[in-house]
Amino acid sequence: MFRLFFISIFSLFSQLAYSKKSVFMPPEASVYARDADQLYSFILNVSAVAFVLIILIIAYFGIKYRRKTLNDKTPNMSHNFALEVVWTIIPALIFFFMFGWGWKLWNQARHSPNGALEIFAEGQKWSWSFNYKSGRTSTNVVYVPVNKPVKFILSSKDVIHSLFLPAFRKKQDAVPGRYTSLWIQPNKEGEYYIFCAEFCGTGHSEMIAKLKVVSFKEYAKWLSNDPYKGLSLSAIGKKTFKTSCVACHSSDSTRKIGPGFGGLWGSTKQFTNNKSALVDETYIRESILNPNAKIVKGFPKGVMPTFKGQLSEKQIRGLVEYIKDLKE
Amino acid sequence: MSDLLGKNYINCEKGLWSWLTTLDHKRIGIMYLIAIVFFAFLGAVFSLILRYELFSAGKDFLTALQYNKVMTYHGAIMTFMVLVPGIPAVLGNILLPLQIGAKDVAFPRLNLLSWYLLILGAAIAIISLFTTGVDTGWTFYAPYSTGSAQSGTIFVVLGAFVMGLASILTGLNFIATIHQLRAKGMTFMRMPLFVWGLYATSIIQIVATPVVGITLLLLVAERVLGVGVFDPKLGGDPILFQHFFWFYSHPVVYLMVLPGMGVISEVVTAFSKKVIFGYKAIVYASVAIAGVGFLVWGHHMFVSGQSDWAGVLFSFITMFVGIPTAVKIFNWMTTLYKGSIEFRTPLLFALGFLFVFAIGGLTGLFLATLSTDMHFHDTYFVVAHFHYTMVGGAVMAVFAGLFYWWPKICGRMYNELQGQIGFAFVFIGFNVTFFPQFILGAMGMPRRYFDYLPEFEHLHAVSTVGSTIVNTGMVILFVVLYRAWKYGEIAGDNPWNATTLEWQTTSPPPHENFTKEMKVTGGPYDYA
Ligand SMILES: [Cu+2]
């Protein structure tokens, strides 16, 4: 424990000493990120100087005016109008300068340029799904071309989520019942994290997606790609499982939010209404499209979202095949 | 309590029943202290569980759901059961009448009722532990809280509602007391600054708490009866919840900090033996913070989906809170100038407050500024920031106040060396715990994460070590206070040679505080 502690302190200082990027911040992947970091650095420097001054002055007074005798005389300094005006106005000026600078960048950040590439992004417990205008959909991964403005139009299927792109210094809540948006213009190819930043329940910290910034050519190729080309149904199912179901189901028999799928096929399930059924194709299909029709005993109702309209027929068939293969 | 101390409020009656039915504000204050120390202990246990789960990446000994519950209990207990009642109900109750030369508060029965309401509310909230628990986070955001969250939520929300009543009644009582019961000659501008802090706090309690009360009831109505207010599926608006919630919960921050600042003002003057610098400025700053505090709630919601213009306005108004805060810090610093400074435990805590609160305030600038907040919002940066302001601010101030007034409260002096050791643990541990969290936030670590990426691990480890140190410090401090109460040396009526009225009666004070009527002829800090 203590070793880890010291290594950590050391790594912190070495990070500080050798980093060229803004102190503590992740790499910058857009012009806006650079601009926001400049403001960040400004506030950081002002704060650091102010803080050090405050502490030094207190320390100096503490040493210099330490009590000498019990009957020390102290002056009757009750106020000083000029001094007080000065130290009210100076911080005020600095604060409003920060406000103005922040406002300027905020305006840039909130107004996407015309012609931005629009992608619908929907949060649900606990994954992000993306919908391109071409009809292409993807889950927990989104490809965008470098140096082009991209606008995410956010919504949520259940509770509030928040799309957070640290490398772009931006986030925006995805709120059920309305659309919000967030735009970026990546200037570096690479892979970046998308976190969910608004607490959304048990799987909140697993709700992580990837933003892949690629060349336009690669992007176009990805867009027209059939992601399942040449794959067996079961392999399609596995892929779909990994993106859409794994937050709540395991591929063996361990319980997560929902039951594990290992050994599910062909078993007989008990439901909360005391009925039971054999697990077959129809049952699995119904569980995916209309999950509240039958609730497995010992599990909560209303937690599993419907995937109606979100998964294609091919994916559903794939899932059925995949589940057939899973042993306990 | 031996007879060495003469007849006083502690030994004038005996037995548990005499405490549970007491109308003496000092005894009620002690009962608050005992209850709140117990709640704080619970909250701290939850925080240690959290920190050890987060010690290394990956799942350790909790499941994600358990983690979320622990996180929620830590936040809800510390906010509603420790910080909100903390300084006003403990130090305020004990000292407000003493500082203004009154026999008691204006409505002693109401005062006792408030205590019982707090206990009742806390009990309701704690019952939820034996049901499914709560996993919403202390903010109860809809539609998670009104829908798929654990059903124990209802208990905690109702408990918070009842505790809100306690808080409103205390505020009412204090305002009436301050208006009606001041000693002869004590004009408003001659009141001690702690009293001013309580006055500003009481206004917040009265104005803001009903709003959160109604919000919590609406939440229960939606969850239990399906009345659509917040959930869009029922025709509601989830952002409305956030507006209501923060309309209370932002001022609540000042509810914790303002009386804390009052304590700091008292302690800084007493231990520099010098008139406070800028008395009027501090008074106006307190009132200004309380007032402006009502107009800044939207800065919690810059990226929530509220309008862009609302964001701009809220950012602008938030900057106004920074100004009186800065002014107060300068005033305290100047009070030290040419003083006769004695480094006793209360002053160490007051200086610790300045250190911690300055960091808390300055990091607030990153969050008040629109574009930087877009990055920091809902990350560990925010977690660190509000712990620096609220815990750093309120906890440092509570201990400054407890150690300063302890000789008055129990008539006995604590052990100085032990007090300073406790301070060192708390101060160092606190900074080791929370400073790394600023860095985590900047790096992009979102808050309320059960699990995290490996690159965040080192800093989390440091933070966990810090939390162990700070909690050790808390234990030490309470042991020191307890030992003083039991075995401390007799302190005398005015061990600090301080000038406010509470020091002019015996220690501990008699049942009705003063044996003669008090008269005031000058300002509260007549040291020169
Ligand atoms: Cu989420």
Side-chain angles (χ1 to χ4, degrees), chain A residues 4-5 8 11 24-26 36 39-40 43 47 50-51 54 57-58 61-62 65-67 72 74-79 84 87-88 91-92 95-96 98-99 102-103 105-106 109-110 159-160 162 164 166 169-173 175-178 180 195 197-202 204-205 302-303, chain B residues 64-65 68 137 141 143-144 148 232 238 273-275 277-279 281 303-305 308 312 315-316 319 322-323 326-327 330 333 336-342 351 354-355 358-359 362 365-366 369-372 374-375 377-378 439 442-444 446 448-451 458-459 461-462 465 527-528:
Chain A
L4 185 56
F5 182 70
S8 305
S11 78
F24 306 133
M25 289 294 219
L39 173 53
Y40 162 77
I43 304 178
S47 306
F51 179 71
I54 290 175
I57 292 173
I58 291 178
F61 288 171
Y65 303 114
R66 207 180 169 122
R67 184 166 302 172
D72 282 351
T74 58
N76 183 10
M77 288 191 323
S78 68
H79 62 282
E84 291 180 72
W87 75 33
T88 308
F95 294 167
F96 288 114
M98 288 173 186
F99 158 76
W103 183 10
L105 290 179
W106 167 258
R110 304 292 293 189
V159 300
I160 302 177
S162 186
F164 176 26
R169 311 290 186 269
K170 282 188 181 172
K171 69 167 67 69
Q172 174 63 48
D173 286 4
V175 184
R178 68 168 78 187
T180 53
F195 296 121
E198 185 63 67
F199 181 69
C200 56
T202 312
H204 174 51
S205 62
V303 171
Chain B
L65 181 61
N68 292 343
Y141 269 21
Y144 185 67
S148 46
K273 285 228 145 317
K274 184 161 163 277
V275 196
F277 186 83
Y279 173 91
V303 299
S304 68
D308 288 357
V312 172
S315 168
F316 180 71
M319 293 300 178
I323 301 166
V327 165
F330 299 148
M333 289 165 63
L336 296 171
Y337 175 68
K338 293 198 170 168
S340 163
I341 302 170
E342 190 187 12
L351 299 180
L354 285 178
F355 184 98
I359 295 181
L362 289 165
L365 293 170
F366 296 82
T369 304
L370 285 162
S371 73
T372 38
M374 255 202 182
H375 179 67
H377 177 74
D378 267 340
I439 304 170
M443 289 164 75
R448 296 175 165 174
Y449 264 30
F450 160 66
D451 190 10
H458 286 328
L459 290 165
V462 176
V465 172
Y527 287 103

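To find a chain, count down the sequence lines: A is the first, B the second, and so on, and within it residues start at 1.
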Do you know which of [options] has the most heavy-atom pairs under 4.5 Å to chain A?
options: A326(B), P143(B), G137(B); value: P143(B)
options: Y279(B), F450(B), Y527(B); value: F450(B)
options: G444(B), S340(B), P446(B); value: S340(B)
options: T369(B), L370(B), L365(B), V327(B); value: L370(B)
options: H377(B), K274(B), K338(B), E342(B); value: K338(B)

At what distance, to the nearest 0.5 angstrom, does CD1 of I160(A) lie from OH of Y144(B)?
13.0 Å

Once rounded to the nearest 0.5 Å, what's the spacing between atom CD1 of I341(B) and atom CZ of F61(A)?
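Here the rounded value is 8.5 Å.
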
Is it the side chain or the backbone of T88(A) that comes within 4.5 Å of chain B heavy atoms, both, or neither?
both

Go through the atoms of F164(A) and report whether side chain, backbone, both or neither lie under 4.5 Å from a heavy atom of chain B.
side chain

Smallest separation among heavy atoms of [X] and [Y], with atom names:
X: M77(A); Y: Y337(B); value: CE-CD2, 3.6 Å
X: F99(A); Y: S315(B); value: CD1-OG, 3.1 Å
X: R448(B); Y: F199(A); value: CD-CB, 3.7 Å
X: K273(B); Y: T74(A); value: O-OG1, 2.6 Å
X: S47(A); Y: L362(B); value: O-CD1, 3.5 Å
X: S371(B); Y: L39(A); value: OG-CD2, 3.4 Å

Angle class for the [X]/[Y] ring planes (parallel below 30°, perpendicular above 60°, tilted otherwise)?
X: F96(A); Y: F316(B); result: tilted
X: F330(B); Y: W87(A); result: tilted
X: Y449(B); Y: F195(A); result: perpendicular

Counting heavy-atom pairs closer than 4.5 Å to chain B, which one of [options] comes out on top?
options: P75(A), P91(A), A36(A), G177(A); result: P75(A)
options: I57(A), I54(A), V303(A); result: I54(A)
options: H79(A), R169(A), E84(A), M98(A); result: R169(A)

Taking side chain to side chain donor-acceptor pair (under 3.5 Å) as the definition, give me every residue that meets it alongside N68(B), ordered by chain and number, with sequence neighbours left out.
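None.
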
Aromatic contact, Y40(A) with H375(B) (centres under 6.0 Å):
no

